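Single-structure report; data block below.
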Amino acid sequence: MKHFYITTPIYYPNARPHVGSAYTTIVCDAIARYKRMCGYDVAFLTGTDEHGEKLQRAANAAGVPVEQFVVEKRECFKALWRTLGMGEFESMDSLNQSSARSIGSFTPPIKRWFVHTSQNPAHVKSVQWMIQQAKKAGYIEKKKYEGRYCVFDERYVSDSAEPVNCDICGRPAELISEENYFFTLSAFEDRLLKLYGEHPEFVLPDFRMNEVKSFVKSGLRDISISRRRLKWGIPWPGDSEQVVYVWYDALTSYLTGIGFRGADQPGPEFEKYWMGKDGPAEVVHMIGKDILRFHAVYWPAFLMAANDALPATETLPLPKTIFAHGWIYYEKDKMSKSKGNVVYPEPIVKAFEEFGAPGNDALRYYLLRDTPFGLDGSFSYEGLVQRYNSDLANDLGNLANRCLSMIRQYLDGKVPPRPVSGQDPSAAGHGRGIENMVRVFRENFDRLSFSDALSVVGASVSLANKNISDTKPWELAKSSAEEDQEALNRALCGAADLLRAASVLLYPVMPTGTERLWRQLGRTSELGVERGDQLRPEDLEPGAEVGKPEPIFPRLKKEEILRRLHELAEEDRGAGVSPANSQAHEEAKLQSEDQRIENKEQKPAAPSPAPAASPGSGSQSSIVNPQPSISQITIDDFAKVDLRAGTILAAEPIPGATKLLKLQVDIGSEVRQVCAGIAEYYKPEILIGRKVVLVANLQPRKLRGVESNGMIVAASVGEDGRPVLATFTEDVPNGSKLR
Ligand code: MSP
């Protein structure tokens, strides 16, 4: 039997998961179910990344010991996976390991495991062992580190002490100056490039592979993999003063999570799913694009380093594929805990369920159907409802309802026998139609083009609905002529057969609704073990008694469901306002904690006159942070400044100008071109989609020959006036006026 091991990233449990963080887990769940239906023995790992400075600060901010804080938050993740129809993820240690063996040709259930990195002795063994092997092989050295670190993304941003913002999240990076252990990543350049050349499937999609290759080709620098001033981490083996860098720790959890134990004998699952000792094994890491470098460069290098210390028979295989998907945006901004523009899945599920619809299916289907996988997508409540009503209620639900009601009404509630003659081979639900649907669905799903795979099923369902409307079974039923009876059987048999095949294909994405449909079709088998790869039209069971057609995907009134979605989202947000688990509350406290630490590190700024305003310099502190020395103005003076919320649609450097970027900013009524003096601190690509504040009534002027129509507002930080763009922590439509 073939084995398949899929992982999500392990999530930072500093706050509860949102739709963006649920995206990867939903995708992995769908893939895991699909692979099982294709006959694979599947293991699925998710978990929480609990060490590091970010978590320590989040716990401090909540006033809870960090050990307790992470345990509480861990549960929020497990609970959400349950809500989204994924059942229980268990810790490997709590399982009876002998149950993990596959028996005969039966496809075993998906093994769902949850790994957590703190308070986990097995994981300590794995991580320390990995470090020891790398050390043995000569890839670890101790030296002084000085540079800038982003606590939010737990990454080293620059090896210089110069102030700089993180190029992923845009936050100011903090200064670190300490003696650390370094991993000689530079030694792996050639081996990594060889790996990418020989295995183009190692990083997918291919445009991400190109990014990784150019990063490695541009030269790799050694990286610090320990932290001195931090206590919350895995102790560095043989040095009680240091803890292991959180990413080294986190990546190793992919091994611990399936039974790796360092020098100790690993569990049978590890031998099976990672080492491939019971037959071929494929390992796939599903991640978001922001953490590609850690997975595609660091992780294979860490594994190669350990392997260099091991005999050839014991080396650890590298994963087969790292797939980096895009981000889910919410109204043009990346959904993110810190920006406060988060959408939570629980109220969505609840709102749909109140109207009798499977909310988890609706969300899962919408995310996979609407966003071409690999690219960025955007979430909107309207889009969700629209997709649900059009594909699930009007098409699939309607077909199921019509077909089953008519089988009950005209055919005694029994699936009719497949007619032998008179088939239109191209019609949905008729032999060839189903074969085509299955083939094209599988081709797309196999290459993770979920949206295309789902649209193939959608098209067949629409065609089957049309077939019913065209053949009018309700009229055929009135006739006693033999050919009309045959035509009636053909129409309803075709529709029932299509529904059967669609249930199987859609099950990985919508496990709840398709299970209900399966039962209504009179099937008694377990849907999750149907072989999606061997679906044949002739599998229909004539004579099977269909169930009562209860609406599985009822049509929802747009205004009503939207109102409820917003109400519940609001309640959900409100419910967390005072208790310590509120997202906004935690983030605000976390940020003030960050600020406190940053202030402590920075020398007090010498009093300096407020910088003179110049369009687009991005450093006009007079607007957001008036200095006491500035004379007071009246409210009418302030009202003269037309401040607007906007979204950056495009950003590019201006040739010959090192400090300026040319931005296109959508301010609702129009798109403004603005020059901003932020090029030294912000890379153009991280600005796209960012919400900013624009002074909209500034006289236009030309900078380096480029017209600038307004000014972006930024705080001016530190002695060198480093610009930090002003933004919003809640969703604000473009063009909103600031007063
Ligand atoms: N702890 C690390 C991962 C370690 S894996 C060995 C981490 N955690 S995270 O919680 O910040 O992010 C986890 C995943 O969620 C990332 O893949 C990230 O891309 C994904 N997402 C977070 N917000 C997202 C969206 N708005 N949209 C899509 N994915 C998003 O990084």
Side-chain angles (χ1 to χ4, degrees), residues 6-28 45-55 58 70 73-74 76-77 80 114-118 123 126-127 130 150-155 166 168-169 171 208 233 244-257 283-300 302-303 319 322-345 363 367-368 370-371 373-380 583 587 590 689-690 731:
I6 188 157
T7 65
T8 72
I10 54 167
Y11 300 95
Y12 292 126
N14 59 318
R16 60 188 269 224
H18 50 73
V19 164
S21 37
Y23 182 52
T24 326
T25 314
I26 291 174
V27 164
C28 288
L45 182 79
T46 187
T48 39
D49 187 358
E50 299 176 349
H51 284 134
E53 190 139 10
K54 179 182 173 104
L55 262 298
V70 295
K73 288 284 178 291
R74 194 188 292 160
C76 301
F77 284 80
L80 178 60
F114 193 98
V115 66
H116 58 91
T117 55
S118 77
H123 185 56
S126 301
V127 175
M130 285 287 285
C150 171
V151 173
F152 186 80
D153 286 311
E154 294 284 13
R155 59 189 287 272
C166 170
I168 291 185
C169 69
R171 289 176 174 74
R208 297 277 172 221
V244 177
Y245 172 41
V246 66
W247 269 98
Y248 206 107
D249 165 350
L251 288 161
T252 306
S253 73
Y254 293 140
L255 305 180
T256 313
V283 177
V284 173
H285 297 311
M286 188 58 69
I287 57 166
K289 64 181 182 181
D290 49 328
I291 54 174
L292 178 59
R293 205 173 284 176
F294 298 102
H295 283 79
V297 181
Y298 293 10
W299 182 222
F302 294 163
L303 288 167
I322 286 144
F323 191 106
H325 62 68
W327 281 340
I328 300 294
Y329 286 74
Y330 179 47
E331 293 173 357
K332 298 202 185 134
D333 212 346
K334 185 197 169 202
M335 200 179 292
S336 119
K337 302 164 202 170
S338 59
K339 289 184 190 146
N341 68 333
V342 277
V343 177
Y344 293 109
L363 180 62
L367 289 174
L368 268 65
D370 267 43
T371 298
F373 195 58
L375 305 182
D376 292 337
S378 88
F379 176 95
S380 80
Q583 184 85 43
E587 288 297 332
L590 183 54
R690 186 171 285 219
D731 186 46

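Computed from heavy atoms alone, side chains included, the values below leave out hydrogens, waters and symmetry copies. These numbers come from a predicted model, not from an experiment. When a ligand or atom number is given, it counts from 1 through the structure's own listing order.
In this structure, Phe373 has its ring center under 6.0 Å from that of Phe323. Ring pair His18/Phe379: centre-to-centre distance not below 6.0 Å.
Thr7 and His285 share a donor-acceptor pair across their side chains, judged by distance under 3.5 Å alone.
With atom 19 (O) of ligand 1 as the reference point, the heavy atom nearest to it among Val27, Asp290, Val343 is part of Asp290. Of all the listed residues (His325, His51, His18), His18 holds the heavy atom that lies closest to atom 23 (N) of ligand 1.
Taking every non-hydrogen atom of Tyr11 and a distance limit under 4.0 Å, the qualifying atoms of ligand 1 come out as 10 (O), 13 (C), 14 (C), 15 (O). Which parts of ligand 1 touch Ala250 is read off a 4.0 Å heavy-atom cut-off, strictly below it: atoms 6 (C). When each atom of ligand 1 is checked for a heavy atom of Asp49 under 4.0 Å away, the hits are 1 (N), 2 (C), 4 (C). Those atoms of ligand 1 that come under 4.0 Å of a heavy atom in Pro9, given as number and element, are 3 (C), 5 (S), 14 (C), 17 (O). Per-residue contacts place His295 under 4.0 angstrom from the following atoms of ligand 1 (heavy atoms of the residue considered): 5 (S), 6 (C).
Contact analysis leaves Glu154 out of contact with ligand 1, as no non-hydrogen atom separation drops below 4.0 angstrom. Ligand 1 has Gly326 within reach: a non-hydrogen atom of the residue lies less than 4.0 Å from it.
Looking at ligand 1, you won't find any N or O of Ile287 less than 3.5 Å from one of its N or O atoms. An N or O contact shorter than 3.5 Å links Gly288 to ligand 1 by distance. Taking only nitrogen or oxygen atoms, main chain and side chain alike, Tyr254 does not reach within less than 3.5 Å of ligand 1. Any N or O atom pair closer than 3.5 Å counts here, and Thr24 shares no such pair with ligand 1. At under 3.5 Å, not a single nitrogen or oxygen of Leu251, backbone or side chain, sits near a nitrogen or oxygen of ligand 1.
Contact annotation: for Ile328 versus ligand 1, heavy atoms closer than 4.0 Å belong to both the backbone and the side chain. Under 4.0 angstrom from ligand 1, the non-hydrogen atoms of Trp247 all belong to its side chain.
Pairing each heavy atom of Leu55 with each of Glu154, the nearest pair is N-OE2, 4.5 Å. Nearest heavy-atom pair across Thr252 and Ser126 is CG2-CB, 3.8 Å. Among all heavy-atom pairs drawn from Pro345 and Leu363, the shortest one is CB-CD2, 3.8 Å. Across all non-hydrogen atoms, the minimal contact from Cys76 to Arg16 is CB-CB, 4.3 Å.
A donor-acceptor pair is defined here as one N or O able to donate and one able to accept, closer than 3.5 Å; such a pair exists between the side chain of Lys54 and the backbone of Phe152.
Classified by interplanar angle (parallel below 30°, tilted 30° to 60°, perpendicular above 60°), the ring pair Tyr11/Phe77 is parallel.
A salt bridge does not link Asp153 with Arg171: none of the charged nitrogens is closer than 4.0 Å to a carboxylate oxygen.
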